[in-house]
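Heads up, the thing below is written out as structure tokens.
Scope of the values below: all heavy atoms of this structure, side chains included, with no hydrogens, waters or symmetry mates.
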Amino acid sequence: MEIIWTKKARLTYFCVLDYLKENWTKKELIQFSNKTEIILKALTKNPYMFVASGKHKNIRKAIIDKNNSLFYQVDKKNLRIYLLTFFDNRQNPKKLKFD
């Protein structure tokens, strides 16, 4: 399956990288990047490996680490996985928006 990065996914991914760069060490930045890559490779082989989101059954949540999750959607018809957003798990879940 092909992975498609939405504009919001790119923006939120780079926001996490910027945060890690400013507040943590290079080690944490590399770990986050590597964990994300591992998850993306796994998704191409098994896009349904992560649980469906509570409210939105067509959106799935991959936990990258204890602080960050990736939300994505699978398009079976076109064989695509749309990365929707990266989300800091420490935030209020009401802040989570997919549009």
Of all pairs that satisfy salt bridge (Lys or Arg N to Asp or Glu O under 4.0 Å), the ones with a partner from residues 32-45, not counting sequence neighbours: none
Quick test of your reading: applying salt bridge (Lys or Arg N to Asp or Glu O under 4.0 Å), list the pairs with at least one residue in residues 58-76, sequence neighbours left out, ordered by first then second residue. none
How far does [atom1] of [X] sit from [atom2] of [Y], to the nearest 0.5 angstrom?
{"X": "L70", "Y": "L84", "atom1": "CG", "atom2": "CG", "result": "8.0 Å"}
{"X": "D18", "Y": "N23", "atom1": "CG", "atom2": "CG", "result": "10.5 Å"}
{"X": "Y72", "Y": "I81", "atom1": "OH", "atom2": "CD1", "result": "7.0 Å"}
{"X": "T44", "Y": "E2", "atom1": "OG1", "atom2": "CD", "result": "11.5 Å"}
{"X": "Y13", "Y": "L83", "atom1": "OH", "atom2": "CG", "result": "10.5 Å"}

Can you list everything that forms a salt bridge (charged side-chain N to carboxylate O under 4.0 Å, His left out) with R10? Sequence neighbours excluded, please. none
My understanding is that only residues two or more places apart in sequence, or in another chain, count here; which of them pass salt bridge (charged side-chain N to carboxylate O under 4.0 Å, His left out) with E22? none
Mind listing the closest non-hydrogen atom pair of [X] and [Y] along with its distance?
{"X": "R80", "Y": "M1", "value": "N-CE, 3.6 Å"}
{"X": "I39", "Y": "I63", "value": "CD1-O, 3.7 Å"}
{"X": "F86", "Y": "A9", "value": "CD1-O, 3.5 Å"}

Determine, using the 4.5 Å side-chain heavy-atom cutoff (strictly less than), whether [X] and [Y] are members of one ILVMFWY cluster.
{"X": "V16", "Y": "I38", "value": "no"}
{"X": "L11", "Y": "L40", "value": "no"}
{"X": "I59", "Y": "V51", "value": "no"}

Ignoring hydrogens and angles, write down the donor-acceptor pairs under 3.5 Å from the side chains of residues 24-34, residues two or more places apart or on other chains.
| unit_1 | atom_1 | unit_2 | atom_2 | d |
| --- | --- | --- | --- | --- |
| T25 | OG1 | K27 | N | 3.3 |
| T25 | OG1 | E28 | OE1 | 2.1 |
| E28 | OE1 | T25 | N | 3.0 |
| N34 | ND2 | I30 | O | 3.4 |

Residue set satisfying side-chain hydrogen bond (donor to acceptor under 3.5 Å, both in side chains) with T36, at least two apart, ordered chain then number -> none
